[in-house]
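Some notes on the structure that comes next.
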Amino acid sequence: MKSVFIADTDKEVERLKKELSTAVKEITDGGAENPHSMQIMQRQLNKIKDFSQITTPVEAVVFDYDGHTYKFAGNFAPLNQILGMFRYPKAPKKLATESLSVSSTVLTEKEGKRIALIPGGFKPPHAGHFMLAKHFANKKDVDEVRVIVSTKPRPPVTVNMAIKLWELYTKDFPKIKVQAGSTPSPVGDVYELIADNSVFKEGDVALLGKSEKDVDDTRFDRAQSYAERHNPGVTVEPVTTPLFAGGISGTDMRNLLMQGEKTRNEFKKNLPRHLNAEEREAAYSILVGSNENLDRLIDSTIEEISSMGAGAAEGGMGSFGPPNTYDVYRKRRKSSTKTKKPAVRRAKRQRRR
């Protein structure tokens, strides 16, 4: 955008960049004395993302549309926040205005990582879940994708099974990393991870995807304030994503799984498309393999018991002896040898006269 009030827009943009560069240097040098200013500056720099994104000196554009007034401030708002601290510092040591003429280098490198967080139950993960992770992994400005599997099991699918499936789906996608969550809630997992300074460093951006149907979802609205309190310098950025559901849910997938062999092929159709036939079978085996092993164990035990019952009837050295013919359903007969209680002789009462 250009303004008729600015004689040379390009020259003014360059001046703002140099002033911002000087302001960042001065505030950083005094960071030990005023850490609060450092936190504010880092938060505003995260919004600017890159000095090359400063392309206009126009403060804002205000316009009316459909009965409402809108104001677009772009990158000027965070730029103005930093320059305000530089021009009017609250610290006892005032920054000299002459420092504006100090030679400085315009920063153009992006600071910190951009990490997309995909939390969920994923019991089990299906094609739609994988497509969402792939959507972020294919973005050039995303450095890493973290899939977080919540700890709540959904029988017959366990957390460990869900992670193994994700690892099978993403073995050729190094950007996507899979981990178990620390809470039963996907929302809780996101907040815990944002506060983890071994994952998110100062200057990093946490991307939280919202599908088009969840634009009114408010579960993550406090994620930014939570990050500011527990991991200062981390920015939370909501991102609207297309729908990747594919017409099936985790509940539907579990129902197909529990119906056994008759829905085996239908279940495998809803797995990620890039899997070949062998990989689809491996995915199915991750979920049902343990159940089949258990069934085989039960069958072999029943066969062993049956063969023991059909053995020789006569006893012998080391044999079990004759079979027990006792019928538990037969009524118990009264024993003829039951001991009778002795009769007690009582004295006769005399009739009153």
Side-chain angles (χ1 to χ4, degrees), residues 1-63 69-116 139-144 200-208 224-225 227-228 231-240:
M1 303 291 291
K2 294 189 177 183
S3 170
V4 296
F5 298 104
I6 300 172
D8 191 334
T9 298
D10 295 335
K11 186 176 180 180
E12 180 63 12
V13 168
E14 287 304 313
R15 187 193 69 78
L16 285 173
K17 287 181 179 180
K18 290 180 180 180
E19 185 176 354
L20 178 60
S21 179
T22 302
V24 170
K25 182 179 182 302
E26 294 282 353
I27 295 173
T28 303
D29 290 344
E33 298 178 6
N34 195 346
H36 181 64
S37 295
M38 281 287 293
Q39 292 178 10
I40 295 175
M41 181 189 72
Q42 188 61 63
R43 187 161 62 247
Q44 302 306 324
L45 285 175
N46 290 338
K47 293 178 182 178
I48 296 173
K49 296 185 178 65
D50 192 301
F51 276 34
S52 64
Q53 299 296 320
I54 301 172
T55 57
T56 176
V58 177
E59 181 177 349
V61 177
V62 181
F63 61 94
T69 301
Y70 296 89
K71 178 180 179 180
F72 285 173
N75 269 334
F76 194 92
L79 168 68
N80 200 37
Q81 288 280 337
I82 297 173
L83 295 181
M85 291 190 299
F86 172 67
R87 292 166 180 162
Y88 312 104
K90 294 181 180 180
K93 179 184 177 182
K94 187 172 181 179
L95 301 173
T97 55
E98 289 81 5
S99 61
L100 288 175
S101 60
V102 177
S103 61
S104 57
T105 304
V106 177
L107 304 178
T108 57
E109 292 183 359
K110 183 177 65 176
E111 301 217 357
K113 289 184 177 181
R114 291 172 62 80
I115 304 174
K139 288 182 173 290
K140 292 182 179 179
D141 63 341
V142 174
D143 300 294
E144 187 178 310
F200 284 96
K201 308 291 185 184
E202 187 176 351
D204 288 348
V205 178
L207 302 171
L208 297 181
Q224 181 61 67
S225 62
E228 291 172 3
N231 201 353
V234 176
T235 301
V236 177
E237 184 179 315
V239 179
T240 302

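For the numbers below, each heavy atom of this structure counts, side chains included, while hydrogens, waters and symmetry mates do not. Owing to the predicted nature of the structure, the values given are computational and were not obtained by experimental measurement.
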**Message:** Using a 3.5 Å distance criterion without hydrogens, assess whether the side chain of Asn231 forms a donor-acceptor pair with backbone atoms of Glu202.
**Reply:**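 Flag not set: sc Asn231 to bb Glu202 has no pair under 3.5 Å.
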**Message:** Taking the side chain as everything from C-beta on, heavy atoms only, tell me whether Lys113 gets closer than 4.5 Å to Val205.
**Reply:**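 Not touching, per the 4.5 Å side-chain cut-off.
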**Message:** Let's go through Leu207 and Ile115 carefully: what are the C-alpha distance in whole Å and the side-chain angles of both, what is the deciding distance for side chain to side chain contact (heavy atoms under 4.5 Å, CB included) to 0.1 Å, and is it a yes or a no?
**Reply:** CA-CA 6 Å; Leu207 302 171; Ile115 304 174; over 6 Å; no
Please give me the minimum heavy-atom distance between [X] and [Y], naming the atom from each residue.
{"X": "Thr28", "Y": "Met41", "result": "OG1-CE, 3.6 Å"}
{"X": "Ala23", "Y": "Ile82", "result": "CB-CG2, 4.2 Å"}
{"X": "Gly233", "Y": "Asn46", "result": "O-ND2, 2.9 Å"}
{"X": "Val234", "Y": "Lys201", "result": "CG2-O, 3.6 Å"}

**Prompt:** Any Lys/Arg nitrogen of Glu14 or Lys18 sitting under 4.0 Å from an Asp/Glu carboxylate oxygen of the other?
**Reply:**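 Looking at Glu14 and Lys18, the cut-off is not met.
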**Asked** Salt bridge between Asp143 and Arg114, side-chain N to carboxylate O under 4.0 Å?
**Response**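 Here Asp143 does not pair with Arg114 in a salt bridge, since their nearest N and O are not under 4.0 Å apart.
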How many angstroms lie between atom [atom1] of [X] and atom [atom2] of [Y], to the nearest 0.5 angstrom?
{"X": "Thr9", "Y": "Lys11", "atom1": "OG1", "atom2": "NZ", "answer": "12.5 Å"}
{"X": "Leu208", "Y": "Thr240", "atom1": "CG", "atom2": "OG1", "answer": "11.5 Å"}
{"X": "Leu16", "Y": "Glu19", "atom1": "CG", "atom2": "CD", "answer": "6.5 Å"}
{"X": "Thr22", "Y": "Lys17", "atom1": "OG1", "atom2": "NZ", "answer": "14.0 Å"}

